[in-house]
Amino acid sequence: MTAETSQTLDRGLRVLKLLADTDHGLTVTELSTRLGVNRTVVYRLLATLEQHALVRRDLGGRARVGLGVLRLGRQVHPLVREAALPALRSLAEDVGATAHLTLVDGTEALAVAVVEPTWTDYHVAYRTGFRHALDQGAAGRAILAARQAMAKDPGYTLTYGELEAGASGAAAPLLGVSGVEGSVGVVMLSDTVPEEVGTRVVDAAREVAQALR
């Protein structure tokens, strides 16, 4: 530190870097230890960063990077979408269903990229910007499953009729992408999702994760 630098800003940036380097977030105690400051300082830093959506805390109290970080750079969000689109297009065409990339935004799931199949007579309309609770729909439930599985691969999650009557969903979480929680999934007008579709969704999630690393 020099006379020209801000200690508080420096600590806040260090918090963001520490959170970006973990997939499962950090507690106040863990941050306090790594920063070498007391818990009160960490609470204040997190509260300030939360006000700007740069950090969020889950129900268990673990802090993670917030989607406000994406909004700092106007081109970052489009780049995330652009990186995911090839895998989403391939997924949508292969299974004949609407494919989507969903990221965590606070306590909600936010669809940031959507691709509809070109060859089907009908398919489920699903729009970029669509939000829903994390505990509803395959996209959100896949993210929650990844949190619970920790180091394990939770595979794919299936739901039926939770977000739209008559529609089924399959989704698999993004794994190994530092600072990002999300899932890749499909939604189709069916009461069941074939096993091969679930497997294909897992493959697509791996492709997107690789593109985002």
Path from L85 to V95 over hydrophobic side-chain contacts below 4.5 Å: yes
Any donor-acceptor pair under 3.5 Å from T98 side chain to V124 backbone: yes
CZ-CG distance between R141 and L134, expressed to the nearest 0.5 angstrom: 10.5 Å
Minimal non-hydrogen separation, G140 against A109, with atom names: CA-CB, 4.4 Å
Gap between atom CD of E164 and atom OG1 of T159 - 0.5 Å precision: 11.5 Å
Heavy-atom side-chain contact between V184 and R206 under 4.5 Å: no
H123 versus P117, closest heavy-atom pair with distance: CE1-O, 3.7 Å
Pair R89-D94, salt bridge (charged side-chain N to carboxylate O under 4.0 Å, His left out): steps then yes or no: CA-CA 8 Å; R89 288 195 188 99; D94 285 351; over 6 Å; no
Pairwise distance CG(L189) to CG(D121) - rounded to 0.5 angstrom: 12.0 Å
Worked verdict on V104 versus L110 for side-chain contact (heavy atoms from CB on, under 4.5 Å): CA-CA 6 Å; V104 172; L110 170 66; over 6 Å; no
Side-chain donor-acceptor pair present, R200, S90, cut-off under 3.5 Å: yes
Shortest non-hydrogen contact from A138 toward A170: CB-N, 3.8 Å
Transitive ILVMFWY side-chain link V180 to I143, under 4.5 Å: no
Criterion salt bridge (charged side-chain N to carboxylate O under 4.0 Å, His left out) on R57 and E50, from CA distance to verdict: CA-CA 8 Å; R57 278 180 277 186; E50 279 186 297; 2.5 Å; yes
Heavy-atom side-chain proximity of E181 to L174 below 4.5 angstrom: no
N/O donor-acceptor pair under 3.5 Å between R11 side chain and L35 backbone: no
Flag side-chain contact, heavy atom, 4.5 Å: V193 against Y156: no
Criterion side chain to side chain donor-acceptor pair (under 3.5 Å) on R39 and T29, from CA distance to verdict: CA-CA 7 Å; R39 290 164 55 91; T29 299; 2.4 Å; yes
Beyond-backbone contact of R14 with V37, side-chain heavy atoms, under 4.5 angstrom: no
Taking every non-hydrogen atom, the tightest pair across P154 and A146: CG-CA, 3.9 Å
Residue pair L16 / V55, side-chain heavy-atom distance below 4.5 Å: yes
Nearest-0.5 Å distance, CG of residue L13 to CG of residue L18: 11.0 Å
4.5 Å side-chain heavy-atom contact, V15 and L46: yes
Within one Ile-Leu-Val-Met-Phe-Trp-Tyr cluster: V186 and Y122, side-chain cutoff 4.5 Å: no
Note, R131 side chain near D105 side chain (heavy atom, < 4.5 Å): yes
Hphob cluster co-occupancy, L88 + L175, side-chain heavy atoms under 4.5 angstrom: no
Shortest non-hydrogen separation from T102 to H100 and the atoms involved: OG1-ND1, 3.2 Å
Whether S6 side chain and L9 backbone form a donor-acceptor pair below 3.5 Å: yes
Under 3.5 Å donor-acceptor, W119 side chain and E93 backbone: yes
Q148 side chain vs A145 backbone, donor-acceptor pair below 3.5 Å: no
Side-chain heavy atoms of L91 within contact of V201, under 4.5 Å: yes
From L31 atom CG to L19 atom CG, the distance as rounded to the nearest 0.5 Å: 5.5 Å
Joint cluster assignment, V41 & L49, ILVMFWY side-chain distance < 4.5 Å: yes
Steps toward side-chain contact (heavy atoms from CB on, under 4.5 Å) verdict (L54, V65): CA-CA 6 Å; L54 299 177; V65 173; over 6 Å; no
Distance-minimising heavy-atom pair for Q210 and R213: OE1-NH1, 2.8 Å
T199 side-chain N/O to E195 backbone N/O, donor-acceptor pair under 3.5 Å: yes
Distance in Å, R147 CZ paired with H24 NE2, rounded so as to fall on 0.5 Å steps: 11.0 Å
Criterion salt bridge (charged side-chain N to carboxylate O under 4.0 Å, His left out) on R64 and D58, from CA distance to verdict: CA-CA 8 Å; R64 291 178 169 84; D58 61 27; 2.3 Å; yes
Residue that, paired with F130, satisfies side-chain contact (heavy atoms from CB on, under 4.5 Å) out of L163, V114, V112: L163
Audit row: L144, D135, side-chain contact (heavy atoms from CB on, under 4.5 Å) steps and yes/no: CA-CA 7 Å; L144 295 178; D135 60 356; 4.1 Å; yes
Chi angles and distances behind the side-chain contact (heavy atoms from CB on, under 4.5 Å) call for M188, V197: CA-CA 11 Å; M188 57 180 60; V197 172; 3.9 Å; yes
